[in-house]
Amino acid sequence: MYQAIPYNASRAWPAPAATRPAAMAAEEAAVDAAAAAARGGRGGGEEVRRAVAECPVVVVGRSGCCLSHVVKRLLQGLGVNPAVHEVAGEAELAGVVDGDVSLPAVFVGGRLLGGLDRLMAVHISGELVPILKEAGALWL
């Protein structure tokens, strides 16, 4: 199977996990720890919880994820400007919601609406616009 071309030519493409040496895994863990320290030492869950409380619509997803882009474009097409919060993985959502959550996660009015599949189902059924109006994200 062929690998896709990386976005950044100056950064090497990561080796598959089975063949990656332990030194590379340790280096990646150090980079993740440095990124967490650069955020001020706060947990990602706290940042997500604050964003969900402050904004009527929040999309939580991974950086560069195509599904997050689809969610954002669907909401923008309806006239909503969602706040987008990028996380490293589902573990940062553990303190915000109960149960298993897949990314991207869409929060409307402080409550979890669901992922892309749930958002599309609600949109197709015609229930999304009233939900967005009730949350204060749409004024039409």
Side-chain angles (χ1 to χ4, degrees):
M1 181 156 190
Y2 297 104
Q3 290 185 339
I5 299 171
Y7 289 112
N8 189 352
S10 65
R11 184 175 164 194
W13 189 254
T19 61
R20 192 174 355 172
M24 286 180 72
E27 181 181 326
E28 288 176 0
V31 169
D32 290 342
R39 287 193 308 250
R42 295 183 310 227
E46 179 184 328
E47 293 177 12
V48 172
R49 191 176 297 113
R50 189 180 72 240
V52 167
E54 292 176 356
C55 303
V57 179
V58 178
V59 176
V60 181
R62 289 189 185 93
S63 177
C65 175
C66 62
L67 298 177
S68 297
H69 179 74
V70 169
V71 168
K72 182 179 170 186
R73 295 294 296 176
L74 172 65
L75 292 169
Q76 287 176 338
L78 294 172
V80 176
N81 189 19
V84 179
H85 189 80
E86 295 177 350
V87 295
E90 285 90 355
E92 292 189 34
L93 290 177
V96 180
V97 294
D98 297 329
D100 189 28
V101 178
S102 62
L103 292 179
V106 181
F107 294 87
V108 178
R111 297 185 319 236
L112 177 66
L113 180 65
L116 176 60
D117 55 346
R118 174 79 174 125
L119 182 72
M120 290 298 291
V122 172
H123 174 60
I124 291 170
S125 70
E127 300 170 11
L128 182 58
V129 172
I131 291 172
L132 293 171
K133 285 181 182 178
E134 183 181 324
L138 279 178
W139 296 292
L140 299 176

Which pairs would a plain distance check flag for residues 103-112, meaning a side-chain donor or acceptor within less than 3.5 Å of a matching protein atom at least two apart in sequence or in another chain?
none

Here the gap from Q76 atom CD to H69 atom NE2, rounded to the nearest 0.5 Å, amounts to 8.5 Å

CD/E127 to CG/L132 distance, rounded to the nearest 0.5 angstrom?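 The CD atom of E127 sits 12.0 Å away from the CG atom of L132.
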
Residues which pass side-chain contact (heavy atoms from CB on, under 4.5 Å) with [X], listed by chain and number, not counting sequence neighbours:
| X | result |
| --- | --- |
| C65 | R62, L67, S68 |
| L74 | L119, M120, H123 |
| A83 | C55, V58 |
| E134 | none |

Contact between L113 and L128 at the side-chain level, heavy atoms closer than 4.5 Å - yes or no? yes

